[in-house]
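First the structure, in the form of structure tokens, and then the observations on it.
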Amino acid sequence: LDYYNSSTGVYSSNIYSTINPGATKELGDVGNDLQIYGGKLYAVIAMSDKVEVMDVHTAKRIGQISVPSCRYITFYKGKAYVSSYATTAGGTSNVNGYVAEVDTATLQVIRTAGVGRQPEEMAISGDKLYVANSGGYSPGNFESTLSVIDMNTFRETKRIDVAVNLHRVKADKYGDVYVTSRGDYYNLHSKLFVINTQLDIVKDSLPLAVSDLWISGDSAYIYGVEWSYVTNKNTVSYGIVDIKNERMLTSRFITDGTDAQITTPSGVAVDPDTKEIYVTDGKDNLLPGTLYCFSPAGKKKWSVTTGDIPGHFAFVRN
């Protein structure tokens, strides 16, 4: 866990182990999500089967949420919701995957709701939770649905057929949800889909490879790292999507050529105040990565070395 103080310009690496010297195995194995809610910082540590919970201003450990094979986290009315690949939920066996509802005061799992196989990212729109089912452990038999959970009953009410191997889910302010498909890595390419949450149907799609997206205002900043087993290589792309009109604005947001230095983009974020754009480079997944900061116009301002595979951002606001 690294921390950048934009007021002082100081970048601090691996702060968790320094601040919490008594923590066994430090932060854990494979950070998969990072979110802030109610004065707490939540880090989803996938291979350590936990969500580490810290004070947002000090990064001092408050506790942890035990969820096996946890993937992503989101929040609604004082509760946290964590997606899990696990096939046993709350003592119930033979579920495909599930979402755990967590009391943010006690950090205990209250209820679980079954969804599809290997659920990934989630987003809240209205009083519904949308969950991307990937089936990512079953090449040739991927999942292709988006689970819809009624937050009043905390039960899955339907599944929307979208495309194979779903991953990212982001809600916009217009009542739509953006969902990414990673494709099958052969002939089915990655795409971006738009869900109408009033009707719970696919209303549009864009032929874009999207590994992640960050919505800022009416713009979704995207990058794609699309692997192909046909060519045995990645194809890297960037762009901005106008979420109001659901169309591509530009195929690049890095405008000074710095993108040529980025081997494998692994994260993107936009500062909610300054509108500066942050992009991380995971390189070859073995070497330390790099964080780049760009001006709103896409010009490089600075870069710094990070830990391995930097990919998740949370902005601490005063």
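All values below were derived from every heavy atom in this structure, side-chain atoms included, with hydrogens, water molecules and symmetry-related copies excluded.
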[X] and [Y]: which non-hydrogen atoms are nearest, and at how many Å?
X: D176; Y: N196; answer: OD1-CA, 3.8 Å
X: F193; Y: S181; answer: CE1-CB, 3.9 Å
X: G116; Y: E143; answer: CA-OE2, 3.4 Å
X: G135; Y: F142; answer: O-CD2, 3.4 Å
X: K128; Y: T197; answer: NZ-O, 2.6 Å
X: S134; Y: R182; answer: CB-NH2, 3.4 Å

Is the backbone N or O of [Y] less than 3.5 Å from a side-chain atom of [X], with the two atoms forming a donor-acceptor pair by type?
X: D33; Y: I73; answer: yes
X: N245; Y: R247; answer: no
X: E276; Y: D271; answer: no
X: H312; Y: G267; answer: no
X: K40; Y: T104; answer: yes
X: R168; Y: S211; answer: yes
X: S228; Y: T231; answer: yes
X: T255; Y: G298; answer: yes
X: S266; Y: I309; answer: no

Tell me whether [X] shares a hydrophobic cluster with [Y], the cluster being built from Ile, Leu, Val, Met, Phe, Trp, Tyr side chains joined at under 4.5 Å.
X: V210; Y: V225; result: no
X: I254; Y: V236; result: yes
X: L146; Y: V194; result: no
X: I240; Y: V279; result: yes
X: L129; Y: V115; result: yes

Legend entry - Residues, nucleotides or ligands: over 12 heavy atoms within 6.0 Å of K244 NZ: no
Any [X] side-chain heavy atom under 4.5 Å of [Y] side chain:
X: D281; Y: T264; result: yes
X: K300; Y: Q261; result: yes
X: H189; Y: E226; result: yes
X: N14; Y: L1; result: no
X: Q35; Y: T74; result: no
X: D308; Y: P288; result: yes
X: K203; Y: E246; result: yes
X: V316; Y: H57; result: yes

Inset, instruction - Show your reasoning for whether side-chain contact (heavy atoms from CB on, under 4.5 Å) applies to T180 and L208. - result: CA-CA 9 Å; T180 71; L208 305 172; over 6 Å; no
Legend entry - salt bridge (Lys or Arg N to Asp or Glu O under 4.0 Å) evaluation trace for K299 with D256: CA-CA 5 Å; K299 310 291 185 184; D256 61 0; over 6 Å; no
Inset, instruction - Please name the residue in the list I243, V177, I215 that meets the side-chain contact (heavy atoms from CB on, under 4.5 Å) test with K170. - result: I215
Ring pair (Phe, Tyr, Trp, His ring centres under 6.0 Å) contacts touching [range] (sequence neighbours left out):
range: residues 85-127; result: Y85-Y137
range: residues 34-55; result: Y37-F75, Y42-F75
range: residues 229-259; result: Y186-Y229, Y221-F253, W227-Y229, Y238-F253
range: residues 1-25; result: Y4-W302

Nearest-0.5 Å distance that lies between atom [atom1] in [X] and atom [atom2] in [Y]:
X: T145; Y: I160; atom1: OG1; atom2: CD1; result: 9.0 Å
X: L291; Y: D2; atom1: CG; atom2: CG; result: 8.5 Å
X: E121; Y: Y72; atom1: CD; atom2: OH; result: 5.5 Å
X: E52; Y: L41; atom1: CD; atom2: CG; result: 9.5 Å
X: N20; Y: M54; atom1: CG; atom2: CE; result: 8.0 Å
X: Y76; Y: S125; atom1: OH; atom2: OG; result: 10.5 Å

Legend entry - Candidate pair K173 and D218, rule side-chain contact (heavy atoms from CB on, under 4.5 Å), full reasoning: CA-CA 9 Å; K173 61 186 177 183; D218 283 340; 3.1 Å; yes
Inset, instruction - Only counting residues at least two apart or in another chain, list the ones meeting ring pair (Phe, Tyr, Trp, His ring centres under 6.0 Å) with F154. - result: Y81
Inset, instruction - With sequence neighbours excluded, tell me which residues meet side chain to side chain donor-acceptor pair (under 3.5 Å) with S147. - result: N133, E156
Inset, instruction - Go through the steps to decide whether R111 and E101 satisfy the test salt bridge (Lys or Arg N to Asp or Glu O under 4.0 Å), and finish with yes or no. - result: CA-CA 5 Å; R111 298 183 290 180; E101 181 183 61; 2.8 Å; yes
Legend entry - Residues K25, S48; criterion side-chain contact (heavy atoms from CB on, under 4.5 Å); working and verdict: CA-CA 10 Å; K25 296 184 178 179; S48 295; over 6 Å; no
Inset, instruction - Show your working on side-chain contact (heavy atoms from CB on, under 4.5 Å) between I195 and V162 and close with a plain yes or no. - result: CA-CA 9 Å; I195 309 297; V162 182; 4.1 Å; yes
